[in-house]
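In what follows, chains are A, B, ... by sequence order, proteins preceding strands, each numbered from 1.
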Amino acid sequence: MVNILENKLKEKISSLIEELEIIIGYSESKAPLKINPVFIKTKEEIDRLIFNNLCVNNLATYSYYLSADTKGKIGIILKPCDVKSIIQLISEELLIKNKIKTIVIGCNGIIDYKKINKAVNYQKIISAKLDENNITVNTIDKSFNFKLKDFFAQKCYVCNIYDNPPYYDEFIENDLKLNLEKKKEYEDIEEFEKSGLEKIYKFWEEEFNNCIRCYACRNICPLEVCRDKCIAQLDEPHWQSHKINSSEGKFFQLIRIFHLAGRCTECGECERVCPANIELLKLMKKVNQIILKLFDYRPGLILDMKPPLLTFKNVEQNIKDEELI
Amino acid sequence: MNFINEGSKSLNVKNKKEDVKIVAFLCNWCSYAGADAAGTSRLRQPEDIRIIRVPCSGRINPLFILKAFNLGADGVLVSGCHPNDCHYSEGNFYARRRLEVIKEFLPFIGIDKRRFSYQWVSASEAQKWQKVVINFVKIIKEING
Amino acid sequence: MRIGIFVCYCGSNIGATVDVEKVAQEVLKFPGVVFSQTNLYTCSEPGQNQIKKAIKEHNLTRVIVASCSPRVHNNTFMRAVESAGLNPYLFEMANIREQDSWIHDNREKATQKAIELIRMTVSKVYKNRELYPKYFDLNKNVLVIGGGIAGIQAALDIADGGKKVIMVEKESSIGGRMAQLDKTFPTIDCSACILSPKMVDVGIHENIELLTLSEIVNVEGSIGNFKITIKKKPRYIDLKNCTACGECEKVCPVSYTSIFEAGLARKKAISKMFTQAVPSAYFINNKGKAPCRSSCPADVPAQGYIALIREKKYLEALKLHREENPFPSICSRVCTHPCEISCTRSLVDESISIMNLKRFIADYELKLGEIPLPEMKEKKFKKVAIIGSGPAGLTASYYLSKEGYDVKVFEAFQEAGGMLRFGIPEYRLPSKILNLEIDLIKRMGVEIKTNSEIKNSNEIWKLKEKDGFDAVFLATGANKNVSIQLDGENLRSVISGVDFLRDVKLLKIKKVDGTVAVIGGGNAAIDSSRTALRLGAKEVNIFYRRSLEEMPAMKEEIKDALEEGIKINYLTAPVAINGQDGKVTELILIKNKLGELDSSGRKKPVPVKGSEYKFPVNLVILAIGQEPDTNYLTTGDRTFEVLKNKSIKLDKKNILLVNKDGIFAGGDLVTGPATVTDAIAHGKLAAKVINKYLEGNSLDDIEAEIIKEEGSKIRLEPEEVFTKEALDSFEKISRIFIEKEPVNKRINNFNEVVHSISEERAIKEAQRCLNCSICSECHECIKVCEANAINYNQKEEIITKEVGAIVVATGTDIFNTDVYEEYGGKELKDVISAIQYERLMCASGPTGGHIKRLSDNKEPKKIVFLSCVGSRDKSKGMSYCSAACCMYLAKQAILTKEHIPDSISYIFYTDIRSPGKDYDEFVMRAKEYGTQYIRGKVSKIYKKDGKLIVKGVDTLISEPVEIDADLVVLAPAMIPAKNSKQLAEILNITTGTFGFYTESHPKLRPVETNTSGIYLAGACQSPKDIPESVAQGSATASKILALMSKDKLLTDPIVAKVDQVRCIGCNKCLFVCPFNAIEEVNLINKKIVKVIESVCKGCGLCEATCPIDAISLNGFTDEMILEELEAFSIF
Amino acid sequence: MEKLIYIKKESLKNFLEKISKDYDVYLPIQNKKNGIINFDSINILNENYIMNLKEKTRQSLKFLFFPPYESLFEFEYKKDIKNPEVTEIALSKPGNSNLREKVIFGIKPCDVRGIDYLDLVFNSGNNKDPYYLNKRENTIIISIGCSIVYPDCFCTSIGGSPFNFGNANIGLLDIGSDLIVTKLDESEKIKKFIADYKDFFEKKDMDDETENKINEIVLQSNKTCSTNWKKINPENITAKMESTFKEDALWQEITKKCISCAACTYVCPTCVCFNIADEQKDKKGERYRCWDFCTNYYYTLEASGHNPREKIYQRYRNKINCKYNYFIKRNKNLYCVGCGRCIDVCPVGMDIREIVSSIISF
């Protein structure tokens, strides 16, 4: 089944490659459970392309910088959820619509390899094999067999665009559909909030103890086009210290959060790449939940709509002034 | 993992427990003028608030509020012109959105949202400003216990 | 860094609560502070001198004064610092009075707070940088928007000050509200008398350029350098030539309700707004092309000739018709009349019977004898060949001949007329009529060569190259039958509709026997059926594959055919034609049902299986369609390309050009089978284009001109002409009945079926016209205008102007009191608005200054005035006071007494507001005149025995009041002008809660807006009376003259600035900037932004938005605020 | 017959507990919550923090001796208000906090090699970094050879091996039941250490079985590791790096997917770039140093706004050259220990072996 989809993809790319200067896609990786982003320019390279449940990377990450460096049109292979990043970039005029060709593939869910890591008690996985419904992973001395449906990324359980992307230039339908028991959006956030202020404060303090400020979260984000000019590393103005510790790590995330408020499409890349396994997406989701509640806005769905914090209404239905008198 | 960080201890040492530190960002045209008017009318207020004058509530980067908390503020107060009355016509509309998002977000990082408040105080509302200050300081002191 | 700190005692204001000396000592401990001092009054002269002295003696590089609020003395100290040679932006203030000593009692804590406040200021001042203002040039022209009294006053004052003023007024005259008034309070002097000299001054002032009928569509730039785009609507009158003699007005057949007269009078489509109008010139109110005209392919001004019929100017009407279409007689009989279909009247009751009105004038002329020749231009000695004498060819020949060309028409048949002659039966278009109109063309000098078919392309080229024709127009129509692709199609007694009708005309067929079957649903099918019937057919059956709804034939024709006994079989199609001995015997038919829509937008017929049946028949007429016969184009040596649908391929569609060598084509040859009027339209267009071509214009230019002309037409849609309320208000009158020849008398001969209508009925029908576009373009005015001032060719213009400042003086509108149903709404005619009453009193008003009731023209004796209708009433209107009502009601009461000495006036008021010079005395005078002031609101007005019963409560004595009045005058609220919001958006100025423009400061900057360079005058800012408006006009003028007295403008350095290296061009600042002060620029192939310093107001929203701090606000940078925060956090 | 010194696996726990009485003991400890293994104090062991000797730690040993952030000194402005023109600055160095000797147990040979390289940077010739040395000195390093080699290991390719204990004080080999001591420092300190805990260092004669076992493990590990990548010759690679330096297209191609984060740098045992900053609040301030990374845009950003390494490929080229060129020229060694952490941690699948291979084959 997977091959049919990959063939469709390769066929589509062959028909497009002439008009595109470069195409970003997925290719095999030596590392188990992972894939490699690949940049192809010629017909010969098309065979390197793959698409399967491990294609977790959001390739939209490369769109902004690559479009600045290329003259021609860029093709990007995207999952329906990744397209949201492209929409967001276009809506903020950071990408020019006709410089990007979005080649969207219907998705039947992607594997969160951190979940698998946990399921094998964080033993190092040395090989893995994927089929339609199951995944077999081998550690140095054990073999595990898991049902895929338990290991999809969190976003897959609330996804409703897996076979109808909000925007695309080319759409390749996937015969396999995402077939998951849907979860309530922001369920995890609400659950977390119940633990109370003190516990929450402690939780983040501990999480950010692990932060080494490698900035992978920032640099992988498709929307953080400001990564090279980040204020977190600036001396003047001195928004934060260069120190590597919990409180600075946390403040760095707060900077990210408010630069992404109303923009983050919850692709989850920041959390995926964090070498310290910090639950970064939680913070992003909370802000998005607030944005949704206050402004009835979901980032990455409408091409010509500015993020809510870059606009306003004279009368805000959902904001009540606080009475202090 | 921070076992080996031997950095200097925090420079922030509070004098007494009952002292609270509150920073207030006030827009120049309405609220700062309102606070001035409260002064002119000799409206007594607690001593705990330090005002930073900004041209407009729209000038306030939401990160200032987080930064203030990070620096150990017990409370942060923002005040600007009433909606529709902004000296720059739109600044406070943007501010309202951003500040509301911050307010809603604070509990998620373990900060009591009552520690942050934004208010609309016009140049003529000296008494409102006084009440805002008194009540805000009271709330912060309550939270601090 | 060397910081000096001056701590002020402010007498005891600070010193009483704060230990000033201790503060001055403590602050010395801060790094960088090298000097501190206390002063009793730092702001005093000695205090300031101390600062200057210390700067010099201690070589200070930063100065802090800890004293009162920076809102009080910041500028004072900045000046002092500057005079000591230090950049004033290296100065900061710490507010230890308003925010410390005045609000605290605890000396210890207040002192500590003072120290901390200064510490925060010290940390900020570390980051202060030297700032310098910038200079830029300013344009000394001024735009004044609105020509009311405020705008007039501002414009005159500015113009007198020597600056150029461009005044833009949306109406045809300046004057505004004040021009509508009779007298003004409190002096009771005539409004027009004091206003018109000022208006005239505007008109003749050398520094004022007046643009009437104009509106602002765009404003770019900023103070000193605005770029204005103005849309100027056409007046259709040359201002230079018009002498305002008024002759045109007399002949104008159209009138409309005057807004200036508050709906109390009607004015002509060509008229002056009011007697003293400036510019003193007439104005044609032409809203565009009425629906009847815009739907006519030939652009015939139906509203125009209908208006002339109303005026009994029948021959003028025909002349007008022939300007666009030379065949009124023919068209009044055969046109498919889209004009009637789109007629706005159909939204009221039934459409105007336009075609029969046309028939009336055409027949009227025929009765008088031969058709008069049109005015012919001088011979141009250029030849045009026209191939085909159908409607397109004949029309082209008419207009080309009129232009002075030698036209020769080549016709293949023995008689001219094309489809008009051979395709339309005699009973619809008698040959006599056709001949008369063709005759006219011949009399004009057009040579029609019959029996001369052009057989191939060589012959066309020969005309052009050998026979000396300068242009060739191909108009050979579409007269070839389309095959139905059925077996038996070639049988005898199977004939096409086109051939049948032509053969009947040529008398080749004189009789039809037996049963006739006609296949098709178009006009040709109906025509063939009715002709067959008239030739003796026993039974005629039409078979049509769709239903009645889809049938393309005209509905009247179908009706007539059915009346005559013709059977129409819907949803039936032939599958075969059977014959015997080469002669048709029967049709095999199949039933259809309708399926989905096909490409033509009609439902597709789908055969029902097994529904076939036989139908015995003697003659089958196939009327299923025609196509152009293009054989002659595709044969020969230099052939012409033909498209798939058999129409000729055009090089330039818009100008009917086939070939750059002067060959054009039009009519059905281009469009495929279409209506007569379509062909006429093409003929007319061809004539126009060929004329331009032969005048030597390039084809590209011609095309551009035609496209532009087409695009500039304002086409009115029936639905947009009138509001629903207006449509409801028209009286319903049904359309005239058209007499026809009775069925039994017509089915055996070819007499014309439809009868002409009488003059009396024609006029009555013409009076039903609603004059959708107001001016009907009947051109009567042109005829009488001796000054040659009328110019229908004027087009809407887009004008751009550059100015340095803008005055907005757009005035107010009047609240619609209809929401007060208790006051009768629209029902009670004698409840009028104050502005209507003003017009009634005015000597130049609709009643000549006699106050009359609108219902019965009687002079009212008891008049009740209601103030605050819509003002000070949150529930139904506005909460604010409209400011002028109390005074003008007093004025109207006084004037009423003067007009009608035995009258009595009552004024219901909320509060009497008369706070102006001589105002209260004026109210007293009204009272002396016997005016009864009643404090209270009126709850109901209703009609009883010819009187208006006004019920209210006198709240002073708490008793109900009931007055039986003759007339009630309402004082409605003044509300923002209708388009003030849009203008605010264009100008980027703000409006307040109610929509009035917001001034910069309610007391101190009353005529400035928050957008520098844009000023306000008059009631657009808030309701106000004339004296206040004039005062504001002058105030604005003085502000602008002050601005203009500078050669360069200075910017406040507290503006945003962009770090060009850091900026990544994400444009987020640009999205949020409330002043459009940020623009995109390219810097070495990098897209970044730039701040327009003259526009930036320094709000800092951009800096709060920039994710990377690449933009920062001077004086309030993130760096400074973060430093202050850091300082704050030290405990 | 050779004498074999070994520690019984079952007594390992006791051994560690025992030495923690006299030393500060650091072990690879796995946080069960997020799975991350790092060197941490033995004192934090509990049900959530467990010792894990199998896999590599996320952070290398660098983390202990050259922490991400460390204070260098504190300062304070002092002014006499009678003479405000004069400001004195008082400095105070942070106290020497770790007087106790340390034992670091369970280090992989590649990390030992990493420490060797750090010593070359922070403790060679005149370049003695007191902050580093303060932590580095008085440390006993007990390394365990790699009986398990993972797919991202490649120490054999760059001159190391799974059992090359370098400058470790004690080298152990895990044969399942026991930890065989295969390397023992000659120093007095170690002699004393062995003597102090002689109860745990059991001795026996080498038998064939054990010898075979050892040989088999060593052979197997070496074999596995050497299949992970080819051998790199330090001299050849330097020349190759020089010759490809200006091939911008090549570098652009191989770094296209790099997002220029610091993940690889910060987990690298050898990367030592740091940044020094002053932070001042009112009168008091601090000078500290913290890690920096050369793939960072700010790394070479000049005050003018110009950046000589503006693009990612330029920065990444520097990173590779640093490890496979510049360091070799100074110290004859590749500046890479083949631990493969950078491969494991890279969010976009950059593999230093592939990068270097494509340069070699260019």
Side-chain angles (χ1 to χ4, degrees), chain C residues 1-5 7 21-38 54 57-62 64 115-127 1058-1064 1083-1086 1088 1108-1110 1122-1131, chain D residues 69 71-92 248-249 252 256 258-262 275-288 290 292-293 295-315:
Chain C
M1 194 153 299
R2 300 178 61 78
I3 303 169
I5 298 176
V7 190
E21 292 303 328
K22 186 185 170 194
V23 171
Q25 294 292 301
E26 283 296 315
V27 297
L28 271 179
K29 290 182 186 163
F30 302 145
V33 179
V34 295
F35 176 78
S36 77
Q37 191 179 44
T38 58
E57 281 181 5
H58 295 270
N59 201 12
L60 299 179
T61 59
R62 298 282 190 282
I64 290 169
I115 294 167
E116 288 180 18
L117 288 174
I118 297 171
R119 177 162 60 197
M120 286 166 72
T121 315
V122 169
S123 351
K124 186 184 182 191
V125 89
Y126 285 147
K127 301 291 178 186
V1058 176
D1059 182 336
Q1060 298 189 328
V1061 176
R1062 283 185 58 76
C1063 178
I1064 56 166
L1083 182 88
I1084 329 171
N1085 293 329
K1086 197 175 98 169
I1088 58 166
I1108 54 168
D1109 259 321
L1122 287 170
E1123 285 292 337
E1124 280 183 275
L1125 267 180
E1126 292 267 355
F1128 152 82
S1129 71
I1130 301 162
F1131 289 82
Chain D
Y69 150 70
S71 184
L72 302 181
F73 58 79
E74 289 172 19
F75 54 87
E76 187 174 356
Y77 288 88
K78 288 191 170 152
K79 269 169 92 177
D80 178 3
I81 57 168
K82 292 202 181 76
N83 187 8
E85 296 275 348
V86 179
T87 306
E88 280 174 14
I89 300 170
L91 295 184
S92 60
D248 286 0
Q252 270 165 18
K256 217 158 214 148
C258 174
I259 55 164
S260 77
C261 71
N275 198 357
I276 293 183
D278 280 2
E279 256 164 39
Q280 184 194 341
K281 234 182 198 186
D282 194 30
K283 293 161 215 165
K284 287 182 188 166
E286 175 194 5
R287 176 165 297 175
Y288 62 88
C290 56
D292 200 356
F293 56 113
T295 46
N296 178 9
Y297 178 85
Y298 282 94
Y299 189 78
T300 49
L301 180 64
E302 294 169 9
S304 65
H306 171 67
N307 194 339
R309 294 188 205 140
E310 200 194 343
K311 298 278 181 203
I312 292 179
Y313 81 91
Q314 296 166 324
R315 291 177 243 151

Colleague: Can you tell me how far CD1 of I81(D) sits from CD of E26(C), rounded to the nearest 0.5 angstrom?
Modeller: 7.0 Å

Colleague: Tell me if a side-chain donor or acceptor on K79(D) pairs with a main-chain N or O of L28(C) at a distance below 3.5 Å.
Modeller: yes

Colleague: Has E88(D) got more than 12 heavy atoms of other residues, nucleotides or ligands less than 6.0 Å from its CD?
Modeller: no

Colleague: NZ/K29(C) to CG/D80(D) distance, rounded to the nearest 0.5 angstrom?
Modeller: 10.0 Å

Colleague: Please flag which part of V1061(C) lies under 4.5 Å from any non-hydrogen atom of chain D: side chain, backbone, both or neither.
Modeller: side chain

Colleague: State whether the number of non-hydrogen atoms from other residues, nucleotides or ligands found under 6.0 Å of K1086(C) atom NZ is greater than 12.
Modeller: yes

Colleague: With heavy-atom distances below 4.5 Å as the criterion, would you say the side chains of R2(C) and E85(D) are in contact?
Modeller: yes

